[in-house]
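Report on the structure given below.
Here is how names work: the chains are called A, B, and so on, in the same order as the sequence lines, proteins then strands, and each is numbered from 1.
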Protein chains: 2
Amino acid sequence: MTRSSEATRTRILAAASRLFYAEGIRAVSVDAVAEKAAITKKTLYYHFRSKDDLVAAYLAARDQPNLELFKRWFEETPGALPDKLAGLFRQLARAARHPKWRGCGFLRTTAELANLPGHPAIRIGAAHKKKFEAWLQAVFEAEGISGAAELARQMLLLLDGSFAVVLLHRDASYMESAGEAARSLAAAALTRRSRSGPARKRAAAHRSR
Amino acid sequence: MTRSSEATRTRILAAASRLFYAEGIRAVSVDAVAEKAAITKKTLYYHFRSKDDLVAAYLAARDQPNLELFKRWFEETPGALPDKLAGLFRQLARAARHPKWRGCGFLRTTAELANLPGHPAIRIGAAHKKKFEAWLQAVFEAEGISGAAELARQMLLLLDGSFAVVLLHRDASYMESAGEAARSLAAAALTRRSRSGPARKRAAAHRSR
DNA sequence: CAACGTATATTCACTGGTCAGTATACTTAA
DNA sequence: TTAAGTATACTGACCAGTGAATATACGTTG
């Protein structure tokens, strides 16, 4: 490496991430990203093959941090499973009240590129959501919930629904409504478990802080 | 009117609607709309002040038909309230399996124009969703459900969540999961009503076909 | 150990094409 | 004859991507 190859790449990605998230994909030119990163466009094209590549890298870089943030919000909430789910949505609502919040970058990119079904960025977004769904399902299975997969899907619907609705109305209280719906659905699933399911654990003694 | 003013306007709007829905807003040029409508761009600008105007008109034209379609899907489903809600989502899933389906035009436009918060198209989209929410709330109130407003919000979260998730994964079965979640939440709300609420109607005898 | 060669990393200036919107003039129905 | 409606041809800005040249670091070899 000559001077700062990796650092430059990181700087480009940081600039792209901020711009794409704030303004959208097609609204941000490659020139704008290069200017924000304080390099020339040609340098950008040295590190990324095309704008589509850059968009994919933008989402790929958000994958892990996003998942870990959501997991942390869940785990740091005290109480039983329904409370932890509601806590996740409460933290989400708090984040959505920040003036720079613009919804879910994965969903917005998918919506914007919906006419390009095979686009790499869309595949990254889909994989990201699938990972979160799989994590939720594992959590539910550990609680002995029988319809864990179905419940995980419903949580994802509420999560992504709240992203969409809050972005539309600019009213973060919808996320708290989503949290209450999540709490109800999870509580009902737990009840079904303790009636007829395998009941691998007692529900009461689950709190993590 | 010289030759066909109103017909021309309609034709432009039809072309814009098909293109904007299929490809997105910023991906479709005014030239492309004019060509699809078989007129010149100048004629388009005679009928619409700007592209933003055209985008707003595109969504405004979809407002009423969309609402009526959803209401019809609800009302044509036999059974009690939870069944009717599940039926709405089942019809939605059927529509989403059509190859030309590209999610909700209102949500996708909002996501794409999220960097222009005051854009008229976004206001039209927000009003559209609010109308649907208000209609749902009225339906729930007629059933004597006490938390009708909150339940309507949760239904909207599931609806818009299913638009987003199905667009991402191209898997319409998520809409059926959303329908089951809607059914559960509504059934629980009805149970609460019959226990402690005003119970203005008997739930059993509600079917519409 | 010093001169060189090569891969990495970066720049400036450019291309061909597209974009939203317009200046001007023609057509036709009332 | 006049105003609504349509057409041709254009503007200036912007866009994704590139060609040719340059700068820097480092291993190799004389």
**Under-4.0 Å side-chain N/O to phosphate OP1/OP2 contact, B:Thr40 with D:dT8** = no
**Item:** Euclidean distance, atom CG of residue A:Leu54 to atom P of D:dG17 [Å, nearest integer]
**Value:** 10 Å
**Message:** Without decimals, in angstroms, what is the distance between A:Glu35 CD and C:dT11 P?
**Reply:** 13 Å
Taking distance alone, no hydrogens or angles, what donor-acceptor pairs closer than 3.5 Å link side-chain atoms of residues 96-103 of chain B to residues at least two apart or in another chain?
from, atom 1, to, atom 2, distance (Å)
B:Arg97, NH1, B:Glu176, OE2, 3.4
B:His98, ND1, B:Lys100, N, 2.9
B:Arg102, NH1, B:Ala22, O, 3.4

**Message:** Looking at C:dT8, I'd like to know if its phosphate oxygens (OP1 or OP2) sit under 4.0 Å from a side-chain N or O belonging to A:His47.
**Reply:** no
**Prompt:** So which pairs with a foot in residues 160-169 of chain B pass side-chain hydrogen bond (donor to acceptor under 3.5 Å, both in side chains), sequence neighbours left out?
**Reply:** B:Lys129-B:Asp160
**Request:** Answer with yes or no whether the side chains of B:Gln137 and B:Glu133 bring together a donor and an acceptor at under 3.5 Å.
**Result:** no
**Message:** Tell me the interatomic distance from A:Leu44, atom CG, to C:dT11, atom C1', rounded to whole angstroms.
**Reply:** 13 Å
**Prompt:** Is any side-chain nitrogen or oxygen of B:Thr43 closer than 4.0 Å to OP1 or OP2 of D:dT6?
**Reply:** no
**Request:** Rounded to the nearest angstrom, tell me the gap between atom CZ in B:Phe48 and atom P in D:dG5.
**Result:** 13 Å
Please list, for nucleotides 19-23 of chain C, all pairs of protein and nucleotide N/O atoms separated by less than 3.5 Å.
from, atom 1, to, atom 2, distance (Å)
C:dA20, OP1, B:Lys51, NZ, 2.8
C:dA20, OP2, B:Val30, N, 2.8
C:dA20, N7, B:Lys41, NZ, 3.1
C:dG21, OP2, B:Tyr45, OH, 2.8
C:dG21, OP2, B:Lys51, N, 3.0
C:dG21, N7, B:Lys41, NZ, 2.9
C:dG21, O6, B:Lys41, NZ, 2.5

**Message:** Expressed as a whole number of angstroms, how long is the span from A:Tyr46:OH to D:dT24:C1'?
**Reply:** 12 Å
**Prompt:** Between A:Trp135, A:Phe106, A:Phe70, which is the residue that forms a ring pair (Phe, Tyr, Trp, His ring centres under 6.0 Å) with A:His128?
**Reply:** A:Phe106
**B:Ser173-A:Arg153 side chain donor-acceptor pair, cut-off 3.5 Å** = yes
**Asked** Can a salt bridge be assigned to the pair B:Glu180 and B:Arg183 using a cut-off of 4.0 Å between side-chain N and carboxylate O?
**Response** yes
